[in-house]
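Step one of this worksheet: look at the structure below.
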Amino acid sequence: MVTFLCSILVIVIHAKHMALDDDDFARYFVYALSYVIGEISVPMFFIVSGFFLGLSYKQNSEHWYPNMLKKKAYSLLIPYCLWNAIYALTYVPFKIYGNYIAGRDLV
């Protein structure tokens with residue numbers, strides 16, 4: 001339940017970029033949600049995930065921390081590198097070729 005609330009609060013952080021008209025109540029409401037309440041979501045995610053990560057491993061075993069890091073590397077680092085490689089192999093050549101066709105610099 002706490003992680004669901006924190007995920008909603010992360011979305012609320014980005015509400016501060018909404019274009020609001022001259023409605024003062026709406027502007028103050030969005031400001032209070034995104035700057036005051038929403039800013040606790042990222043530290044709360046960090047604290048809660050660290051707490052549950054520590055509970056999920058048997059800390060009395062000798063090598064629980066290196067095993068945890070290895071598991072997190074497989075589940076987070078490998079997909080991250082894979083998606084960045086897919087992005088680089090698809091976007092960059094199309095961007096270079098599109099700029100070449102348009103006669104623009106490679107900026």
Side-chain angles (χ1 to χ4, degrees):
M1 184 65 182
V2 174
T3 56
F4 176 73
L5 177 65
C6 287
S7 62
I8 295 299
L9 288 175
V10 167
I11 295 169
V12 168
I13 289 174
H14 301 292
K16 62 187 169 195
H17 299 295
M18 291 181 358
L20 296 174
D21 295 333
D22 294 330
D23 188 8
D24 287 337
F25 175 74
R27 186 179 304 123
Y28 289 125
F29 183 72
V30 168
Y31 179 81
L33 278 179
S34 54
Y35 284 103
V36 179
I37 298 171
E39 294 295 326
I40 67 165
S41 60
V42 175
M44 186 62 87
F45 259 132
F46 181 75
I47 291 168
V48 168
S49 64
F51 176 75
F52 286 121
L53 184 67
L55 285 179
S56 66
Y57 288 94
K58 295 181 182 178
Q59 295 181 5
N60 55 2
S61 70
E62 189 173 321
H63 298 89
W64 72 273
Y65 191 70
N67 292 336
M68 181 221 27
L69 289 179
K70 187 184 297 182
K71 182 179 176 185
K72 287 298 172 185
Y74 282 123
S75 66
L76 296 173
L77 189 62
I78 291 175
Y80 176 76
C81 292
L82 179 67
W83 281 112
N84 280 313
I86 290 171
Y87 172 78
L89 292 174
T90 57
Y91 178 75
V92 173
F94 285 114
K95 184 72 169 180
I96 291 172
Y97 185 66
N99 284 338
Y100 174 74
I101 289 174
R104 295 184 297 237
D105 292 336
L106 295 177
V107 178

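No experiment lies behind these values; they were computed from the predicted model shown.
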Notebook entry, point to check: Which heavy atom of N99 sits nearest a heavy atom of D105, and at what distance?
Noted result: ND2-O, 3.5 Å
Notebook entry, point to check: By side-chain contact (heavy atoms from CB on, under 4.5 Å), which residues pair with I96, not counting sequence neighbours?
Noted result: V92, L106
Checklist line | Contacts of type side-chain contact (heavy atoms from CB on, under 4.5 Å), residue F94, not counting sequence neighbours | finding: none
In a table with atom names and distances, give each donor-acceptor pair under 3.5 Å that connects a side chain of residues 75-91 to protein atoms at least two apart or in another chain.
residue: S75; atom: OG; partner: K71; partner atom: O; Å: 3.2
residue: S75; atom: OG; partner: K72; partner atom: O; Å: 3.4
residue: N84; atom: ND2; partner: Y80; partner atom: O; Å: 3.0
residue: T90; atom: OG1; partner: I86; partner atom: O; Å: 2.8
residue: T90; atom: OG1; partner: Y87; partner atom: O; Å: 3.3

Notebook entry, point to check: Do you reckon M44 sits in the same ILVMFWY cluster as F51, going by side-chain contacts under 4.5 Å, direct or chained?
Noted result: yes
